[in-house]
2 protein chains.
Amino acid sequence: MPKQTFFNLSEDKRNNIKSVALDEFSEYSFSKSSINRIVENTGIAKGSFYQYFEDKLDLYRYILQCIAEEKINYIQKYTSELSSGDFFDYLKATYSSGIAFAIDHPVYAKIGIFLLKEDERTQQMIYGDLMTTGENFVKNMILEGQEKGSIRQDISADFIAFIINKLNLASTEYLKSKTFDDDFYKDYEEFSNSIIDLIKNGIKSVL
Amino acid sequence: MPKQTFFNLSEDKRNNIKSVALDEFSEYSFSKSSINRIVENTGIAKGSFYQYFEDKLDLYRYILQCIAEEKINYIQKYTSELSSGDFFDYLKATYSSGIAFAIDHPVYAKIGIFLLKEDERTQQMIYGDLMTTGENFVKNMILEGQEKGSIRQDISADFIAFIINKLNLASTEYLKSKTFDDDFYKDYEEFSNSIIDLIKNGIKSVL
DNA sequence: TGATATTATGACCTTAGAGTCACATGGAGG
DNA sequence: CCTCCATGTGACTCTAAGGTCATAATATCA
C-alpha cells in the first residue's frame, strides 16, 4: 500500500502520478518499467517518490488495484442484469463486458496483457496468494455446470477454466491489433458472440 | 550467426555452451537472461564468449534455430504419414506431435513459452520479418478449408489462426504444470484429441 | 513571528547488466 | 627453436537500474 503521504497529496498530484504510472506500465512490463522514467515524467523528485511508495512493486500493485476496482464495477453492471443462471449467458456477459471495458480503457488492457504474460516467478511476486480468484471462480461455475449437465463431463474443469482464461487473454490481445472497421467484426458484441459460440459448441453436452 | 571461431571449436565445447545456454534461456526470458551467468556456468571467459558470438541476441537466435530444426524434423515424421488432406487430421497430427515434442524436450518447451510471451518490441527484435510463418501457414490452410466448406466461413481466418496458435501455447503451458498420472489425461494423445475436438466442434460447418 | 512537523529534493550508493581490449597462451610450420 | 596467428582471458568501461539520505523548503499552529 502507498504511504499515508501519498494520500495526503492533492488530488491533482495524485492523479498526475497515477496517469504517468498507467502510461509507463502500459508501455513496459513490470520489470522493464522504470522508476527513473516515471519520476522524470511526473516532474517529481526521486526522493519524493519514495515518500509516497515503498518501492516499484508498491506502486504497481496500487495501480492494479485501481484498475481491478473499476473493472469489477463495470462488469457487475452487465452481469447483475442476468437472471437465467445459465453458465453460457453469464460467461458471455462477462466476456463482452470485459471486452467493452478493454476497448473503453485500452491503457488498462495493455497493462493486463503485460501482467498475464509475466513469468511465474514475477506473477508470484506480484500477487502472492490471492490470485487466480478469477480462475477459481470460473472453475467452480464449470463444475456446477457439469453437475447440472449443461457442460460435458469428459474434459476436466481445470482445463476448461484454463482455456477460457487463455482465450480471454488471446481475445484482448487480438483486438488490440485490430480496428473494428477494417475487419470482419463490426462490433465487440459480434466478436464475443463468436468466441462464446466457439467455447459453447466445443464444451456443451451433446443432447 | 555465431562467428567462425565458434564452429572451429571442438564438439564438446560447443555442446557445453549450447547446453548451458539452453538451461539459461529455459529459466529466464531473453531480457532477464544473463551472459555473465552463462559465462560462469560454461567456465569460459567472457572475452571468449564474444569471440564466438556477436552478442546475446546472436546466441539466442542460434539456439532458437537449433530447436526449430529439431522440431520441424520431429513434426514432419508425424505429418508425412498423412494422406487424407483433411484440415483437422493435419491439425491434430501437428498438435499431438508438437505436444509430444514438448514432453520429450521440456527445456525447449520452456524456451518456446518464454518466447511467445515476449512483448511485441522484443519479438520484433528477435525475429525481424521472417516470423509468423507458422501462423501464416495455418491461416492459409484455414482459408482453403473455408473454400472447400469444411470450416465455417462466418469467422475470419485471421482470428481462427490466431486462436489456434494461442491454444497451442496454452496447452503447452498447461501441460507444463501437470503430471500425467495425477490428472484426467492419461496421455497426450487424449489431451490433443480433446483440444482438437474443441476447435473442430467450434469452427466446423454445421452440415 | 518563531518552533515544529511534514514534504520536497537530487546527489549519491550499490548492484548488475552488456560489451571491450590489451595482453597471455598455445599449437603449427619453417 | 622461433615466428605467427588463432584462441583464451578477466579486469575494465559504460550505462542504467532501484533505492537512500542529509538537507532544504514549506506548511501548521502557538
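Note that the structure is predicted; figures quoted are calculated from it, not measured. Lettering of chains follows the sequences in order, A, B, ..., and the numbering in each one begins at 1.
When each of B/Asn41, B/Val39, B/Asn15, B/Ile44 is checked for a side-chain contact (heavy atoms from CB on, under 4.5 Å) with B/Val20, only B/Asn41 meets the rule.
In this structure, OG1 in A/Thr94 is found 6.0 Å from CD1 in A/Ile75, a value given to the nearest 0.5 Å. Separation of atoms CD (B/Glu24) and NZ (B/Lys56) is listed at 8.0 Å; rounding is to 0.5 Å.
In this structure, a donor-acceptor pair under 3.5 Å is present between the side chains of B/Thr122 and B/Asp119.
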Next on the checklist: Pair B/Met141, B/Tyr90 - check side-chain contact (heavy atoms from CB on, under 4.5 Å), show working.
Outcome noted: CA-CA 10 Å; B/Met141 289 209 59; B/Tyr90 184 83; 3.6 Å; yes
Next on the checklist: Test side-chain contact (heavy atoms from CB on, under 4.5 Å) on B/Ile63 and B/Ile67; report intermediate values, then the result.
Outcome noted: CA-CA 6 Å; B/Ile63 294 292; B/Ile67 295 175; 4.1 Å; yes
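Looking at heavy atoms from C-beta onward, A/Arg61 lies out of side-chain contact with A/Gln65 at the 4.5 angstrom threshold.
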Checklist entry - Taking only Watson-Crick and G-U wobble pairs with both distances under 3.5 Å, what dot-bracket line describes DNA chain D, where [ ] shows pairs that cross earlier ones and | shows pairs with another strand? => result |.||||||||||||||||||||||||||||
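Aromatic ring pairs are classed by plane angle as parallel below 30°, tilted from 30° to 60° and perpendicular above 60°; the pair A/His105 and A/Phe101 is tilted.
Residue contacts for A/Phe53: at a heavy-atom cut-off of 4.0 Å it reaches no nucleic acid atom on any strand shown. As judged by a 4.0 angstrom heavy-atom cut-off over every strand, A/Ser48 is placed among the base-contacting residues. Looking at heavy-atom distances under 4.0 Å, B/Lys56 makes contact with sugar-phosphate atoms alone, never a base.
At a non-hydrogen distance threshold of 4.0 Å, B/Asn8, B/Leu9, B/Lys13 from residues 6-43 of chain B come into contact with DNA chain D.
Rounded to whole Å, atom C1' of C/dT7 lies 16 Å from atom CZ of A/Phe49. B/Gln51 has its CD atom 16 Å from the P atom of C/dT25, to the nearest Å.
Proximity of B/Tyr50 to the phosphate of C/dG19: a side-chain N or O atom is located under 4.0 Å from OP1 or OP2.
In summary, contact between chain A and DNA chain D, defined as any nucleotide atom under 4.0 Å from a heavy atom of the protein, begins and ends at D/dA17 to D/dC21 in the 5' to 3' direction.
Proximity of the aromatic rings of B/Phe6 and B/Phe53 is defined here by a centroid distance below 6.0 angstrom, and this criterion is met. Taking the six-membered ring where the residue is Trp, the centroids of A/Phe114 and A/Phe25 are separated by 6.0 Å or more.
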